[in-house]
Amino acid sequence: MSSMRPERMVKLAVKNLGQYKLRAGLTMLGIIFGVSSVVAMLSVGEGANQEIQEKIQRMGSQNILIKSVKVMNDEDSGANRNFIASYGLTYDDAADMARFVPNLESSTPIKRLSYNVQFKARRLQTDVVATVPWFLRVQNYRMVRGRFLTSADMDFGTPVCVIGTRLARTLFAGFDPIGQTLTIDRDAYTVVGIIGDIAQSELPPQNELWLEGENQTVYIPLRTYIQKRGDFFTQWSEGGGTFEKIELYELILSIDEQENVVRAVDAVRRVLQKNHKKEDYSIVVPLELIRQARETRRLFNIVLGAIAAISLIVGGIGIMNIMLATVSERTREIGIRRALGARRTDIVLQFLMETLILSISGGVIGLGVGALIPWVITKATDVQTVRTFSAFAVAFTVSVTVSVVFGIYPARRAAMMDPIDALRHE
Amino acid sequence: MSEAIVELKGAVKEYVNGSLRVTAMRGIDLRIDRGEYAVIMGSSGSGKSTCLNILGCLDRLSTGTYLLGGDDVSNLTDDQLSEIRSKRLGFIFQSYNLIPQLNVLENIEVPLFYQGVPESEARKTAQQLAKRMGLSARLKHKPMELSGGQQQRVAIARSLVCDPILMLADEPTGNLDSKTGYEILELIDELHAEGKTIVMVTHDDDIAHRAQRVVTFRDGDIISNDWKGAPKV
Ligand SMILES: Nc1ncnc2c1ncn2[C@@H]1O[C@H](COP(=O)(O)OP(=O)(O)OP(=O)(O)O)[C@@H](O)[C@H]1O
Ligand SMILES: [Mg+2]
């Protein structure tokens, strides 16, 4: 029967709440804190997730990374410090991979060494990577200027190099690096290109790129390096030196499809186990890391969710507390309304509407504050935050739902009161 | 024969609190016709308020029947009783019972709110009644800002807003000084003169003189039910 229209109920509820401005404000504050902290937490969580995901994604989900690992020979570890340590991946390994690993698209051999590099009088120590032209595509790096290594460089062993943006910025400050000569441990190389970090979706204007990127590596053709230095690497230290023979420092295998990666990894393991007596290599599978990261993320979300749920439930209990107090204070009003024709349902709806208005307005403000907190966090610290629509939706819906659930009991209590008792109440 | 507004037959009301039983009405028969002005008297605890609550559909009989305007309301659901209260009954209380956060107009409108009467229509009715009760200058005031007599006028306006077939008043002048009380009683007389059916509980013999019928309670029984004809005003 009763056709109390919603807008009149809202009006009434607002009027009723107006009696308890301070109390209503404090209750809303509880909801505001709850909702905004949930949004903030989810944003920080999402930020962390994306950071990890990006890092792993950079390694390439279709790639398998194999690295050489230094293992001490038992017989070598005597008093004699001058010895040749031979370990790690070999050219034979690479050839076997090409033969036995299924669905292999490309195999990228890498030598990675630390050298003193020099331009004019400036000198610094940095990583030198000797590799092949398709390294650029496999690593998903982006050229900023000039060119990368070419197959001609490989065929002829030309002494050219490509430098990272950071190196271009520091070592070549004030010069255009292209065409300059870079000395790598007494060998002269001509700079032919500048390489950035991971390919960004948008390429900023040339000038700005000089300021960005942390790539400080020098890239040279593998062929050139082998021709000049061979596979021995000598490092002098006090009281002697070590002579190391490492054919390949890293090997990046690219598989055609993600779903074939697991099978390929098995083949890689078999080949390496057959070829190596010691485990002087390590295998990194980004795809597995992605899976682990997803699992970690799931756990992370559960923990965050639990904390969020607790803070929202605390808000809900706050609402319940306030509404119980309000109901008992307004017992007489309830009696009057019942005497004047309010049904139990009308009373329930009246108090639920008050709860709803408290929680919705608190929730909306909470969303606003919640949108600000991640922004402040990112401004103040280096922590990456990502605000997602779902974070806002979850925080708001859960908070309103919790409030209504906790509001039902006080409202029902009000409605179940005997009108005569309620009227007699002082 | 005139039409019965209230008809109680063998009305029994028992309160049970654990093992404690209190019989507040012991098989009462009572008939009040349309347009009557009846007063219920009796010593404290004799069952007057209990009877008025039954008549006001705020409570149910333990046994017996209650016909309101010819309809048996003894076995209605809570929601149905609520509807009757909002559409057919008007209440005036000793302590006014206005809702503190609502202003005069809003208080008068409350029963219409639960009937679902549109806001503008309710507002019009409330304004007319307020004017009639001499409250035109106080429409936007809260109950706290009114004198006792003014508050009781608001309550009377509120009780009239649904044009009830029965008006119930439990010691409406109990909280007022004699002059203000007199004004309220004059107002009630006026309503009676217009044809309203009124049942009022009072302790005061002088007030009882205004009524046409005086029903006297003792220990949950009616010990006298005097018809005095037209009131002597
Ligand atoms: N809710 C209740 N529970 C138990 N007993 C009750 C209840 N309400 C009333 N009574 C008892 O019923 C009897 C009648 O009470 P009632 O309130 O009707 O008296 P009354 O005539 O209105 O008295 P007064 O003039 O003091 O207002 C009393 O004995 C009272 O104690
Ligand atoms: Mg009484």
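So you know, we letter chains A, B, ... as the sequences are listed, proteins then strands, and number each from 1.
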Report task. Measure the spacing between CG of A:L423 and CZ of B:F93 and express it to the nearest 0.5 Å. Result -> 5.0 Å

Query raised in the report: Among B:C57, B:G90, B:P100, B:P111, which has the most heavy-atom pairs under 4.5 Å with chain A?
Result: B:P111

**Report entry** Heavy-atom neighbours of A:F396 CZ exceed 12 at 6.0 Å
**Finding:** yes

Requested in this report: Evaluate the side-chain proximity of A:I336 to B:R158: yes if any heavy-atom separation is below 4.5 Å, no if none is.
Outcome: yes

**Report entry** Test applied, side chain to side chain donor-acceptor pair (under 3.5 Å); reference residue, B:S82; option that passes from A:R338, A:R344, A:R337, A:R343
**Finding:** A:R338

Report summary line: Scanning both residues in full, the closest heavy-atom pair of A:R332 with B:S95 reads NH2-OG, 2.6 Å

Query raised in the report: Could you state the interatomic distance from CZ (B:F113) to CG (A:L12), rounded to the nearest 0.5 Å?
Result: 5.0 Å

Query raised in the report: Can you tell if the side chain of A:N16 reaches within under 4.5 Å of the side chain of B:Q101, non-hydrogen atoms only?
Result: yes

Query raised in the report: Quick one: what part of B:L98 sits under 4.5 Å from any heavy atom of chain A, side chain, backbone, both or neither?
Result: backbone

Query raised in the report: When you look at CZ of A:R23, are more than 12 heavy atoms from neighbouring residues, nucleotides or ligands closer to it than 6.0 Å?
Result: yes

Query raised in the report: For B:N53, is it the side chain, the backbone, both, or neither that has a heavy atom closer than 4.5 Å to a heavy atom of chain A?
Result: side chain

Report summary line: The reported gap from CG in B:L58 to CG in A:D418 (rounded to nearest 0.5 angstrom) is 8.5 Å

Query raised in the report: Crowded around A:R413 CZ? As in, over 12 foreign heavy atoms under 6.0 Å?
Result: no

Query raised in the report: Do the side chains of A:K11 and B:E106 get nearer than 4.5 Å, heavy atoms only?
Result: no

Query raised in the report: Contact part of A:E7 toward chain B, heavy-atom cut-off under 4.5 Å: side chain, backbone, both or neither?
Result: neither

Query raised in the report: For the atom pair CD1 (B:I99) and CG (A:L340), what is the distance rounded to the nearest 0.5 Å?
Result: 6.5 Å

